[in-house]
Chemist: 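Can you keep this structure in mind? I'll have questions shortly.
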Amino acid sequence: MLIEFLLAAIYAQVINIMEVFLWTKGLWSIEPPFIFDVRKPKQDSYHILLAILYFLPFTFLGLIEAFKLAWIVWILNDTTWHFWAVKPSYWTEWVKFYFNPHINQIVWYARIGVKIIKITPRRMFLITVVRLLLLPLILLL
């Protein structure tokens, strides 16, 4: 499982880098103030595609193992994206902003097919805590 975990961690960083180029001005381009274009995007199911991309490379290991590794990639995508997107001198400020349970400003939108969901630092904090709490159960499958 260690080799698979390392592959998942590396794969998460590849996705992170690709998303940095997709959504920002390039590597280490974000710095305070953390202000985002929060116009409601078109519904393009981007996050459904991303979920499939988390899962797909690991299917040769079986569906349960692929699910476990996709879960790890998902957590790492959200918790380590800033290492590539945010200027290193602002990493601490970013984490304090992006996972702040007291901030309810829209940062981006999750586009999951039939619904667009507002993502705020409060939501990122809560969903990350839930995913981390569920991780041991997921890995026991």
Side-chain angles (χ1 to χ4, degrees), residues 1-88 90-141:
M1 183 70 178
L2 180 59
I3 290 173
E4 290 90 349
F5 175 79
L6 289 173
L7 287 173
I10 291 166
Y11 183 60
Q13 300 318 304
V14 170
I15 290 175
N16 284 343
I17 292 168
M18 289 173 40
E19 285 198 299
V20 165
F21 285 111
L22 185 62
W23 302 117
T24 74
K25 294 176 182 168
L27 294 173
W28 308 294
S29 62
I30 297 175
E31 54 186 55
F34 302 124
I35 299 170
F36 301 91
D37 178 3
V38 292
R39 290 175 287 175
K40 200 168 188 177
K42 65 180 178 167
Q43 181 49 278
D44 61 6
S45 301
Y46 172 77
H47 291 92
I48 297 292
L49 172 64
L50 198 56
I52 292 167
L53 289 174
Y54 291 166
F55 181 81
L56 200 58
F58 305 111
T59 55
F60 73 94
L61 297 170
L63 295 179
I64 299 296
E65 288 303 311
F67 174 75
K68 291 177 188 180
L69 293 169
W71 193 272
I72 291 167
V73 171
W74 185 27
I75 291 170
L76 290 174
N77 177 250
D78 284 344
T79 59
T80 63
W81 180 84
H82 71 279
F83 289 126
W84 303 102
V86 177
K87 195 173 199 176
Y90 299 112
W91 286 350
T92 302
E93 283 181 65
W94 172 262
V95 170
K96 289 184 340 190
F97 163 75
Y98 196 63
F99 297 102
N100 188 328
H102 305 291
I103 298 176
N104 206 27
Q105 91 183 50
I106 298 168
V107 179
W108 55 277
Y109 290 89
R111 303 177 315 272
I112 56 172
V114 296
K115 183 125 175 95
I116 294 177
I117 300 169
K118 297 173 185 173
I119 304 299
T120 66
R122 176 182 296 159
R123 244 186 211 151
M124 283 306 300
F125 173 79
L126 293 173
I127 193 66
T128 302
V129 167
V130 168
R131 284 185 285 172
L132 289 170
L133 290 173
L134 289 175
L135 182 60
L137 296 173
I138 299 294
L139 294 177
L140 287 175
L141 290 176

Chemist: Using atom types as modelled and distance alone, determine if a side-chain donor or acceptor of W71 lies under 3.5 Å from a backbone N or O of R131.
Modeler: yes

Chemist: Please name the pair of heavy atoms, one in Q105 and one in P121, separated by the smallest distance, quoted to 0.1 Å.
Modeler: O-CD, 3.2 Å

Chemist: Identify the residue among Y98, Y90, W94 that makes a ring pair (Phe, Tyr, Trp, His ring centres under 6.0 Å) with F34.
Modeler: W94

Chemist: For the atom pair CD1 (I138) and CD1 (I64), what is the distance rounded to the nearest 0.5 Å?
Modeler: 9.5 Å

Chemist: So which atom in I119 and which in A110 form the shortest heavy-atom distance, rounded to 0.1 Å?
Modeler: CG1-N, 3.8 Å

Chemist: If you measure from CH2 on W81 to CH2 on W23, what distance do you get to the nearest 0.5 Å?
Modeler: 10.5 Å

Chemist: Report yes or no: does W28 contribute a side-chain atom to a donor-acceptor pair with the main-chain N or O of P88 at less than 3.5 Å?
Modeler: no

Chemist: If you look at every heavy atom in I30 and T24, which pair is closest and at what distance?
Modeler: CD1-CG2, 3.7 Å

Chemist: Which residue, Y109, W74, W108, forms the ring pair (Phe, Tyr, Trp, His ring centres under 6.0 Å) with H47?
Modeler: W108

Chemist: Step through the shown structure and confirm whether more than 12 heavy atoms of other residues, nucleotides or ligands are within 6.0 Å of CD1 on I3.
Modeler: no

Chemist: Could you give the distance from OG1 (T120) to CG (L126), rounded to the nearest 0.5 Å?
Modeler: 8.0 Å

Chemist: Is E65 paired with K68 through a side-chain N to carboxylate O contact shorter than 4.0 Å?
Modeler: yes

Chemist: Run the side-chain hydrogen bond (donor to acceptor under 3.5 Å, both in side chains) check on N16 and Q13 step by step: do they pass?
Modeler: CA-CA 5 Å; N16 284 343; Q13 300 318 304; 3.1 Å; yes

Chemist: Using the ring pair (Phe, Tyr, Trp, His ring centres under 6.0 Å) definition, which of the options F5, F55, Y54, F58 pairs with Y11?
Modeler: F58

Chemist: When you look at CG of L63, are more than 12 heavy atoms from neighbouring residues, nucleotides or ligands closer to it than 6.0 Å?
Modeler: no

Chemist: So L76 and I15, do their side chains get closer than 4.5 Å, heavy atoms only?
Modeler: no

Chemist: Regarding R39 and D37, does a basic nitrogen lie under 4.0 Å from an acidic carboxylate oxygen?
Modeler: yes

Chemist: Might you point out which heavy atoms bring P101 and F125 nearest each other, and give the distance in Å?
Modeler: CB-CD2, 3.5 Å

Chemist: Write down the atom of K42, the atom of R111, and the distance for their closest heavy-atom approach.
Modeler: O-CD, 3.3 Å

Chemist: Just verifying a value: how many Å separate I127 CD1 and L134 CG, rounded to the nearest 0.5 Å?
Modeler: 8.5 Å

Chemist: Do you know which two heavy atoms are closest between M124 and T128, and how far apart they sit?
Modeler: O-OG1, 2.6 Å

Chemist: Rounded to the nearest 0.5 Å, how far does OG of S45 lie from CD1 of I116?
Modeler: 9.0 Å

Chemist: Start with the C-alpha distance between V95 and V86, add both sets of side-chain angles, then the distance that settles side chain to side chain contact (heavy atoms under 4.5 Å, CB included), and finish with yes or no.
Modeler: CA-CA 10 Å; V95 170; V86 177; over 6 Å; no

Chemist: Quick check for you: to the nearest 0.5 Å, what is the distance between E19 atom CD and L53 atom CG?
Modeler: 9.5 Å

